[in-house]
Amino acid sequence: MKPRTFILAAAAAVCSGPLLAGSGTWTSEGPYGGIVYRLYVSPAAPGTLYAGTRGGIFRSNDGGVSWVRKEAGLSGSLGVAGISLAIDAEAANTLWLVDGVGRVNRSSDGGDNWALTGYSRPAYDVNQIVDAPGGTGRLYLVTETSGVLVSNDSGASFTASGSGLPAGVPLAHLAIDAANPLRMLAGTRGYDATDPLHTESIYLSTDGGASWTGTLGSASYYMGVTDISFGAGGKVYAAVDDALYRSDDGGASWSGPLLGPPYNNSIMAVRADPATPNTVFIGGYKGLARSTDGGVSSTPLTTGLIVTAGMPASVNRIVMHPNYPAAAQLWLGTEEAGIYFSASAGASWTARSDGLAATNIRALAMFHDAATHRMFAGYGDAFRPSPALFRGNNTGPGTPFSSWAPSNTNLGAYQIRSITIDPTTRSGGIGSTRLYATGRAGPYPDLDARDGGIYRSLDGGGTWTTIDVGLPVSGNPPAANVGTVRNLVLDPRSCAAPPPSGPCASGPLQTLYATSNGKHDGATGTDSFRVLKSGNGGDSWLSSDTGIPQPIDAATPQRQSVLVVPIVINPLNPQELYVGTSANYDATALAAPTIQSGVFRSTDGGANWVFRSNGLPRRAGSSHTALDVLSLAINPANPLELWCSVVDLSVGGAASGGIYHTVDGGANWSSASNGISATDIRALLVDPSQPNVLYASGAGSDANPGSVYKSSNGGATWHSISIGLPADAATALQVDPVDPSVLYAGSTSGVWSITQLPDSDADGVPDAVEQAAPNGGDGNADGIADALQPGVGSLTSASADGNAQPATLQPYFTVSITPLAGQCSQAMDVQSVYAAYHGRDVSSYGDDYVYPRQLARFEIQDCQSAKVKLKFHGASFGSGFGMRYFGPAIPGDPATLGWHDFSVRANRIAADTWELTLDNGQFGSYRPASANAILFEGGPARSEGIFRDGFD
């Protein structure tokens, strides 16, 4: 995830009274927890912990009670599984981190600031970075392609560690005996990797990695090793292919697999008791257990670990207090449920995730009445036990959420993909409101609780019931199974006594439609239950997908099929529905797909579906297969008008796509992407109180950030409202039901909110801020107010470190755009960014560049080339200054993110003004050329050098 960018609360200077949370910029709201990939406790300060999560890097200074993001100077996909952390055992404030593009980073101040060491590997080639105890600056990389590499210069360079490791076999885990750092064990990354030439899974070195010998093997393949732990008395424990193995001679030989049900085939983490040889903690899909007989038997330790439907959190990291067992403290990192703590050697557990923003929120819904303002947030893409559904409360629109708690009593879901409130049941308050949620339970019936993925609450989310009667069953024991249930809509006229026209006022509503992966019949080669229908409030379900194309060549490599994703219903004529589909096929076996895929319409309540995709872009070479339709939105006041988002997921990286619009019920579609620079749009939302106002969220990466876009004219034009938003943007959107200026977004780091302030020219700077700019609100002195010019933005720009400025220094900068090629008339997301947040910018002298002002960040829409004037009012940049750029050297490439000299494309034309030349898809822009937009971030700086005493 891209390091957060922040703007000063400039409106505070010109608006009376306190600002609401999130005014004019996106603000993180919670809920907290999520996937924890790495977890470490400081050996010198046991109250200090570090966590590498799906939401980024966090530190706790109070034993995990609270967590704070620590990413200053980091970039490069921090929220991915490939990220790895290590702490120097002899200098606990020194940390190393390998980011998601393979670059080694180092911090010498406990994570407050990070800097690249200069060494990098191919993206995702590194599985682990490990400190070598007993010496400062020595560490190891565990790689996919080059075995174990060693560094003796704090990560600046690495070389092969020694001989004996198999060439070409990926390694996943390295453990070092703290009592004898020359003894090391390396484990392979298996995942059923059949390789009769390399059958060993664990390799031993007794000489610090100079030579290695295989010690644990199998008949014909190397296994997957996820954890190894040295214990007392020469005991070593390992998690191998989800099973427990033990060595009694320091890793020279092994016995196993050990244990029986329920912990066999479910183990991911082990941690040996450092004082008792036969005691080991075992973590995995069944929570945590402890064995006191060397792994022969075990006792569950899951009190406080149950997160949903009787299932404990899935444990993948076990961390001990450095003085364990004298200090009987343990921390657990889980796959989907955050961090847990025990002060009683595991006898009981409490959640310790406050501030750990790593929940992947894929569904949002809000309830409001005079007594309650509540958000429901669904956890998406989880395949292990998670809290699944959260509820948060605030005091009104735009105010911070004071509390979040799981809302999953009796809820069997691991992930939630949609939340729907029955509006006819709201009159009695939240306690009698009917809610529906869809998603997925456990995927493995032998390990998990499993059900059909559709749930109903009759008490406002207080308790839940699974409603999957009629769905096909599979597995042993058999359970309802249609894969992931993605969306659910209600027929607004399906109450017991509907009015002559319009929606029901009292309910509950009885007709429901949902979309899912469906059920494939191998004998007939057909799919069913991709669209589900219930006529009794969800008590039972029938397949309703006649007309959705059946698989083609179902049993061959040329197999083609469609996945049904979004569904919308015509509120004025509920017999009319639309679904969007995504095509599945093997591009290596099929030159071009032929299956119909795109948008389908039903005019008979889902009984039959008709292809309705004329004008949607097609897959290469295909006449019938449209790009993947991931979201749909319908105008409630004019249901012939719809919007859909399409993306080509077959090529990877979502290189093409956009938003399309129809005004004739899908008979014809045309592009409606004017102003959209992201190609991967994952959510569309129509403001129900203002149907001409739409929102779209686009996914992105560090070097090509995603955005949330707004249209105030029915999709004819769009502009970004993304200041402060994480780079990977959002997958769910929700307008506040009371105040439509408040927008919520679900992301991989929880829920974010923004209170939109008046911004007449849509440049991201509130009118009140631009009106207070120099020259009476005319920062570029052209006689026209900046607040009325889309190509001009004026914003406060204090010192780079945020310190107060002398009264004579006007803390504003102004961006003025002159088109050279393209329209280039709209500036978006104009903001100030602290230079220090990107880490040290080291000059050729070896010292840091000095930034007297914050960086300017802005995007230019629909632009091929432009001149941009940056005027820092009141500043005086002498001859020692140059223009610096922070971003990718190659547009869109996260591996090239960093500080760069931009002086060759920048001229200082006045003491306080620079003129930049910017081109689409070229150095100086984050965006690749396909975006047709330019995103720049940079500012004036100087290397201290000969000017360090102020001589200029």
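What you are looking at is a predicted structure, and each value in this text was computed from that prediction instead of being measured.
The shortest distance between side-chain heavy atoms of R884 and Y849 falls below 4.5 Å. Inter-residue side-chain proximity for E937 and Y926 is flagged as met; some heavy-atom pair is nearer than 4.5 Å. Two residues are said to be in side-chain contact when any heavy atoms from C-beta on lie closer than 4.5 Å; V868 and E915 fail this criterion. Proximity of D782 to Q789: side-chain heavy atoms (C-beta onward) are separated by under 4.5 Å at one or more points. Counting heavy atoms from C-beta outward, F858 and I934 have side chains that stay 4.5 Å or more apart. Annotation: side chain of D99 is not in contact with side chain of L74 (no heavy-atom distance under 4.5 Å). In this structure, S943 and D847 have side chains that are in contact, with non-hydrogen atoms separated by less than 4.5 Å. In this structure the side chain of D728 never reaches within 4.5 angstrom of the side chain of S701, judged on heavy atoms.
Proximity of a side-chain donor or acceptor of D778 to a complementary backbone N or O of G783 within less than 3.5 Å is detected. Counting only distance, with no hydrogens or angles, the side chain of N713 and the backbone of A716 share a donor-acceptor pair below 3.5 Å. Panel note: side chain D763, backbone V765; a donor-acceptor pair is recorded below 3.5 Å. Side-chain N or O atoms of W114 include none that pairs as donor or acceptor with a backbone N or O of L97 at under 3.5 Å. Under the 3.5 Å distance criterion, the side-chain polar atoms of T117 are matched with a main-chain donor or acceptor of G155. Counting only distance, with no hydrogens or angles, the side chain of S722 and the backbone of S707 share no donor-acceptor pair below 3.5 Å. Of the possible polar contacts, one joining the Q831 side chain to the D829 backbone as a donor-acceptor pair under 3.5 Å is found. Put simply, the side chain of D736 never gets that close to the backbone of P740: no donor and acceptor are under 3.5 Å apart. For the pair T359 (side chain) and G34 (backbone), a donor-acceptor distance under 3.5 Å is absent. Distance alone, capped at 3.5 Å, places no donor-acceptor pair between the S832 side chain and the Q854 backbone.
Residues F902 and F923 bring their aromatic ring centres within 6.0 Å. The distance between the ring centers of H873 and Y812 does not fall below 6.0 angstrom. The ring of Y885 has its center closer than 6.0 angstrom to the ring center of F936.
In plain terms, the two heavy atoms of T53 and A358 that are nearest each other are OG1-CB, 3.4 Å. Of all heavy-atom pairs spanning E859 and L935, the tightest one is CB-CD1, 4.0 Å. The minimum heavy-atom distance linking S794 with D786 is given by the pair OG-OD2, 2.6 Å. Closest non-hydrogen pair, S879 versus R908, comes out as N-NH1, 3.5 Å. Scanning both residues, W26 and L743, for their nearest heavy atoms gives CZ3-O, 3.7 Å. The two residues A699 and R682 come nearest to each other via the heavy atoms CB-CG, 4.4 Å.
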Under the side-chain contact (heavy atoms from CB on, under 4.5 Å) rule, what do L694 and D687 come out as? Steps first, then yes or no, please. CA-CA 6 Å; L694 287 84; D687 184 339; over 6 Å; no

Can Q734 and V751 be said to form a side-chain contact (heavy atoms from CB on, under 4.5 Å), step by step? CA-CA 10 Å; Q734 172 69 46; V751 177; over 6 Å; no

Could you walk me through whether Q756 and S741 pass the side-chain hydrogen bond (donor to acceptor under 3.5 Å, both in side chains) test, one step at a time? CA-CA 5 Å; Q756 301 170 72; S741 72; over 6 Å; no

Are T814 and N780 close enough, and set up right, to give a side-chain hydrogen bond (donor to acceptor under 3.5 Å, both in side chains), and what steps lead you there? CA-CA 7 Å; T814 297; N780 66 335; over 6 Å; no

Before giving the answer on side-chain contact (heavy atoms from CB on, under 4.5 Å), spell out for L116 and R103 the whole-Å C-alpha distance, their side-chain angles and the decisive distance to 0.1 Å. CA-CA 7 Å; L116 294 171; R103 301 181 302 185; 3.8 Å; yes

Could you check L684 against Y695 for side-chain contact (heavy atoms from CB on, under 4.5 Å), going step by step and ending with a plain yes or no? CA-CA 6 Å; L684 286 171; Y695 297 95; over 6 Å; no

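With rounding to the nearest 0.5 angstrom, the OG atom of S673 is 11.5 Å from the CG atom of N932. Atom CG of N704 sits about 11.0 Å away from atom CG of D893, to the nearest 0.5 Å. In this structure, CD1 in I681 is found 7.5 Å from OG in S631, a value given to the nearest 0.5 Å. With rounding to the nearest 0.5 angstrom, the CZ atom of R905 is 7.0 Å from the CG atom of L918. The distance from the CG atom of L725 to the CH2 atom of W752 is 7.0 Å, given to the nearest 0.5 Å. Atom CD1 of residue I361 and atom OH of residue Y744 lie 14.0 Å apart, to the nearest 0.5 angstrom.
Of the N and O atoms on the side chains of S645 and Y660, not one donor lies less than 3.5 Å from an acceptor on the other residue. Between the side chains of N674 and T717, no donor-acceptor pair is found at a separation under 3.5 Å. For the residue pair K871/S816, the side-chain donor-acceptor check at 3.5 Å is not satisfied. Looking only at atom types and distance, the side chain of R54 has no donor-acceptor partner in the side chain of N360 under 3.5 Å away.
By the 6.0 Å and 45° rule, R942 does not stack over the aromatic ring of Y851.
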